Asks: 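Pasting a structure here, questions to come.
When reading the values below, keep in mind they use all heavy atoms of this one structure, side chains included, and skip hydrogens, waters and symmetry mates. Quick caveat, the model's predicted, so the values are computed rather than measured.
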Amino acid sequence: RGAARAAAAALDELGRMQREGAVHGSVAGELEAVFQKRRDDANAAAGALHVEKEDLIAAERRAALRRTLAAEKAALLDAHRDGRLSTEVLDELLADVDARLLEVTLKDGH
């Protein structure tokens, strides 16, 4: 996934350069093709690895879920701090998020 992210970052930068007029269109086209191929090849390789390694997919899913649950929890705390959620509602919603987070954590330990 790292190689795909690096190629995507290069494509983003190339797009900025094009918008700024810092690179000629033909050069941008050539480089875009190179980095798109790198990104596509890296994604294909990662996909093949994931097909072979179901445990990696499950681990990635759990990590993504933990990260999204942490973001959900932070948003709830921010809303409470800003006065948009009462303490009672916050407690109820946090209990739900914490229960889902505990479930993910327990699955990590098998």
Asks: Determine, for Lys107 against Glu103, whether the closest basic-nitrogen to carboxylate-oxygen distance falls under 4.0 angstrom.
Replies: yes

Asks: Do other residues, nucleotides or ligands put more than 12 heavy atoms under 6.0 Å from Arg16 CZ?
Replies: yes

Asks: Do NZ/NE/NH1/NH2 and the carboxylate oxygens of Lys37 and Asp40 come within less than 4.0 Å?
Replies: no

Asks: Could you pull out all donor-acceptor pairs under 3.5 Å where a side-chain atom in residues 26-34 meets a protein atom, sequence neighbours excluded?
Replies:
unit_1: Ser26; atom_1: OG; unit_2: His24; atom_2: ND1; d: 2.9
unit_1: Glu32; atom_1: OE2; unit_2: Gln36; atom_2: NE2; d: 3.3

Asks: Between Leu77 and Leu94, is any pair of side-chain heavy atoms under 4.5 Å apart?
Replies: yes

Asks: How far apart are the closest heavy atoms of Ala4 and Arg39, and which atoms are they?
Replies: O-CG, 3.9 Å

Asks: Please examine the side chains of Leu102 and Leu106, heavy atoms only from C-beta on, and report whether any two atoms are closer than 4.5 Å.
Replies: yes

Asks: Is there a side-chain contact between Glu13 and Met17 (heavy atoms, below 4.5 Å)?
Replies: yes

Asks: Mind listing the closest non-hydrogen atom pair of Val104 and Arg62 along with its distance?
Replies: CG1-O, 3.7 Å

Asks: Can you name the nearest heavy-atom pair linking Ala7 to Phe35, along with the distance?
Replies: CB-O, 3.6 Å

Asks: At what distance, to the nearest 0.5 angstrom, does CG of Leu11 lie from CZ of Arg38?
Replies: 10.5 Å

Asks: Which donor-acceptor pairs under 3.5 Å do side chains of residues 67-74 form with protein atoms, sequence neighbours excluded?
Replies:
unit_1: Thr68; atom_1: OG1; unit_2: Ala64; atom_2: O; d: 3.1
unit_1: Thr68; atom_1: OG1; unit_2: Leu65; atom_2: O; d: 2.9
unit_1: Glu72; atom_1: OE1; unit_2: Arg100; atom_2: NH1; d: 3.4
unit_1: Glu72; atom_1: OE1; unit_2: Arg100; atom_2: NH2; d: 3.2
unit_1: Glu72; atom_1: OE2; unit_2: Arg100; atom_2: NH2; d: 2.8
unit_1: Lys73; atom_1: NZ; unit_2: Asp98; atom_2: OD1; d: 2.7

